[in-house]
Amino acid sequence: MKKASLLFSALMLTIAITACGSETEKTANIVPVKSTETELVETNVLIDTEQAKEETKQEEVAETVEAIEYELDGLKISEVSVKDDNGMWSLTASIENTDKEFEVALLKATINDKDGKQIGTANGTADFLGKGESKTVEFYSMDDLTGYASFKFQIESKM
């Protein structure tokens, strides 16, 4: 019986040491969860604070870079912002059609650093935009756009 008790104590001590040995800080937060009776109940959930810090950092990366308006072939592009989401970069821009209605426009943004050197490209699509209408368009890039400073836009095709 003493051997079983000693073995059980050693096992519990090993589990306790392993559980406390994590290098990532965890904190308990209370999160509402639906129960089977469809009432809201509160439950404690462990959240990885390093992950939460990284998510906050990524949300802060999106920023409006230039208040410049770009005009080309009947489109006015403004309010350009850039965001890094774990290596998948995106540009968001407001597109206004100042010309006749079109069904689709394939757009390309060339991104340059402060020295004017091209560091990447991003592609986006604006569809079904009547004259005078505006739309927010997402441009996506797999290039590392760290250090971006300026943009050049072009229309690849417009129908």
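The structure displayed is predicted, hence computed values, not measured ones.
- Counting all heavy atoms, side chain and backbone alike, S141 lies closest to M88 at O-SD, 3.6 Å.
- Pairing each heavy atom of T121 with each of K108, the nearest pair is CG2-CE, 3.6 Å.
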Checking side chain to side chain contact (heavy atoms under 4.5 Å, CB included) for the pair L107/L75: CA distance, chi angles, key distance, verdict?
CA-CA 11 Å; L107 308 168; L75 295 180; 3.9 Å; yes
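- Donor-acceptor pairing under 3.5 Å is recorded for the side chains of E138 and T92.
- Smallest separation of non-hydrogen atoms from G74 and N97: O-OD1, 3.2 Å.
- Not a single donor-acceptor pair under 3.5 Å links the side chain of K152 to the backbone N or O of N112.
- Pairing each heavy atom of F128 with each of E133, the nearest pair is O-OE1, 4.0 Å.
- Between E69 and S78, the closest heavy-atom pair is CG-CB, 3.7 Å.
- Around NZ of K135, the count of heavy atoms belonging to other residues, nucleotides or ligands within 6.0 Å exceeds 12.
- The aromatic ring centroids of F139 and F153 lie less than 6.0 Å from each other.
- G120 and D143 make their closest contact through CA-OD2, 3.2 Å (heavy atoms, listed as atom of the first residue, atom of the second, distance).
- With a 4.5 Å cut-off on side-chain heavy atoms, Y140 and N123 do not count as touching.
- Under the 4.5 Å side-chain heavy-atom criterion for Ile, Leu, Val, Met, Phe, Trp and Tyr, M142 and I111 are members of distinct hydrophobic clusters.
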Give the intermediate values and the outcome of side chain to side chain contact (heavy atoms under 4.5 Å, CB included) for residues W89 and T146.
CA-CA 9 Å; W89 288 80; T146 304; 3.6 Å; yes
Please test I95 against T136 for side chain to side chain contact (heavy atoms under 4.5 Å, CB included), starting from the C-alpha separation and ending with a verdict.
CA-CA 6 Å; I95 310 290; T136 300; over 6 Å; no
